[in-house]
Amino acid sequence: MTENFRLLYLKSQGSETSTENETSSPFDSSEDPYSKQEILKQAIDDLRHPDPKVRSLAAQYYIEKANLSITLPLLQEILEDEDPHVRAQALSSLIKLGNPIISPFLKKHLKDKDEKVRRIALKGLFHTKEKIDIHLLKPLLNDESPWVRRKMATLLGWREVEGGQFLLREMIKDQDSMVRKAALSSLLILYPEEGEAQMWKAMEDSNYEIRAWVKAQLNRMLQTPTSKGADP
């Protein structure tokens, strides 16, 4: 009964719409020190709770609402949680804050044992404004999860990364057809000249769906100049 109540409480707190002050947090400076200590104690209890659902909701609530006012050791602890769903939620909540302090956590979790956590860390890395080191991304070319490889291929079309063109060249040879498709699409977006050349080569791809998609894209590209020059 107590566990159900705790889950309902955290859900209601985490999904509140800001009809009040949107910048308020449980660690607001207007609170007296005693209240802050009580809230921190509750945060520690929730983030160490035996139920992973409670820990996941607590990670979302305390990280997003507290605006990183929880202690760094506690933050590191929750990011090392044995449950991948808790780690994924904690990382997602950190990314929402957009604080540069999260960069080391993102880099570290590119090697997480759970593929969903790796995908979240990868997406978060591309959302940061700092330069992305290609050496962080190279190992993901051989990631065991095609979903991680596909995510990287897609993200490389979001922003230009030094060495990104090389990575995409490698990914158009990936064994997974959806990774190849994502890499071709990103090449076309950021490096149109090479992208078009690779699209013509992909007409002979082993996968029928890729060939059909490439054919449709090339037909559209061939028709574009004509439609532009038809009438002023």
Side-chain angles (χ1 to χ4, degrees), residues 6-31 36 39-49 51-133 136-137 140 143 145 147-148 150-161:
R6 189 188 294 253
L7 279 168
L8 286 171
Y9 172 75
L10 286 169
K11 282 181 179 178
S12 67
Q13 293 298 306
S15 62
E16 281 181 343
T17 53
S18 301
T19 53
E20 300 175 9
N21 183 2
E22 291 186 357
T23 60
S24 63
S25 95
F27 295 87
D28 195 288
S29 58
S30 63
E31 298 284 351
K36 289 182 183 178
I39 293 169
L40 184 58
K41 181 179 181 300
Q42 186 63 59
I44 292 171
D45 289 344
D46 290 339
L47 292 170
R48 292 176 179 173
H49 195 274
D51 187 342
K53 290 181 181 178
V54 172
R55 299 200 303 275
S56 182
L57 286 167
Q60 179 183 9
Y61 178 64
Y62 289 109
I63 291 174
E64 293 179 21
K65 297 289 186 180
N67 195 25
L68 289 181
S69 294
I70 59 175
T71 64
L72 189 58
L74 185 58
L75 183 60
Q76 291 173 320
E77 183 179 323
I78 198 66
L79 283 168
E80 295 298 325
D81 195 280
E82 63 182 17
D83 191 288
H85 299 292
V86 178
R87 297 197 303 276
Q89 180 59 68
L91 208 56
S92 294
S93 295
L94 277 174
I95 291 168
K96 286 183 181 180
L97 297 180
N99 193 307
I101 198 175
I102 71 170
S103 183
F105 297 121
L106 296 173
K107 293 173 183 176
K108 180 179 180 179
H109 285 281
L110 288 176
K111 299 177 182 178
D112 195 277
K113 58 187 177 182
D114 183 77
E115 66 91 13
K116 182 180 179 182
V117 176
R118 295 198 299 276
R119 279 190 285 127
I120 291 172
L122 187 59
K123 185 176 180 180
L125 195 65
F126 273 81
H127 275 291
T128 65
K129 294 181 180 179
E130 70 174 58
K131 181 180 178 181
I132 299 176
D133 187 347
L136 287 171
L137 304 180
L140 297 178
D143 194 279
S145 169
W147 291 101
V148 172
R150 181 181 177 184
K151 173 62 75 174
M152 182 165 77
T154 300
L155 290 169
L156 284 167
W158 281 20
R159 59 180 276 196
E160 199 163 349
V161 173

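Since the model is a prediction, treat every value here as computed from it, not as a measurement. We count residues from 1, following the sequence as given.
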side-chain hydrogen bond (donor to acceptor under 3.5 Å, both in side chains) evaluation trace for Gln60 with Ser56: CA-CA 6 Å; Gln60 179 183 9; Ser56 182; over 6 Å; no
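Proximity of Lys123 to Ile95: side-chain heavy atoms (C-beta onward) are nowhere separated by under 4.5 Å. Taking the side chain as every heavy atom from C-beta outward, Glu80 and Lys108 approach each other to under 4.5 Å. A 4.5 Å side-chain heavy-atom check between Leu155 and Leu125 finds every atom pair outside the cut-off. You'll find the side chain of Ile102 stays beyond 4.5 Å of the side chain of Leu97, heavy atoms only.
Of all heavy-atom pairs between Asp51 and His49, the closest is N-ND1, 3.0 Å. Considering every non-hydrogen atom in both Leu110 and Leu140, the closest pair reads O-CD2, 3.9 Å. Across all their heavy atoms, Asp46 and Ala58 have their closest contact at CB-CB, 3.6 Å. Of all non-hydrogen atoms in Leu106 and Ala121, the two that sit nearest each other are O-CB, 3.4 Å. Here the shortest heavy-atom pairing between Ala90 and Ile78 reads CB-CG2, 4.2 Å. Closest approach of Arg55 to Leu47, counting heavy atoms only: CD-O, 3.3 Å.
Legend: residues meeting side-chain contact (heavy atoms from CB on, under 4.5 Å) with Glu130, ordered by chain and number and at least two apart, are Ser103, Lys107, Thr128. Looking at residues two or more places apart in sequence or on another chain, you find no side-chain hydrogen bond (donor to acceptor under 3.5 Å, both in side chains) involving Glu160. Partners of Lys131 under the side-chain hydrogen bond (donor to acceptor under 3.5 Å, both in side chains) rule, at least two apart in sequence or in another chain, are Glu162. In this structure Arg48 satisfies the salt bridge (Lys or Arg N to Asp or Glu O under 4.0 Å) test together with Glu77, sequence neighbours excluded.
Taking the charged nitrogens against the carboxylate oxygens, Asp112 and Arg87 do have a contact shorter than 4.0 Å, which makes a salt bridge.
We find the NZ-CD1 distance between Lys116 and Ile120 to be 5.5 Å, quoted to the nearest 0.5 Å. To the nearest 0.5 Å, the span separating CD1 on Ile132 from CZ on Arg159 amounts to 4.0 Å. Rounding to the nearest 0.5 Å gives a distance of 8.0 Å between CG of Leu136 and NZ of Lys111. One finds the CG atom of Leu122 at 11.5 Å from the CD atom of Glu115 (value rounded to the nearest 0.5 Å). Distance check: Lys53 NZ to Gln89 CD gives 14.0 Å after rounding to the nearest 0.5 Å. Expressed to the nearest 0.5 Å, how far CD1 of Ile63 lies from CG of Leu94 amounts to 4.5 Å.
A salt bridge (Lys or Arg N to Asp or Glu O under 4.0 Å) check over residues 88-104, counting only residues at least two apart or in different chains, returns the pairs Glu64-Lys96. Identified under the ring-ring contact (aromatic ring centres under 6.0 Å, His included) test for residues 74-132, with sequence neighbours left out: His127-Trp158.
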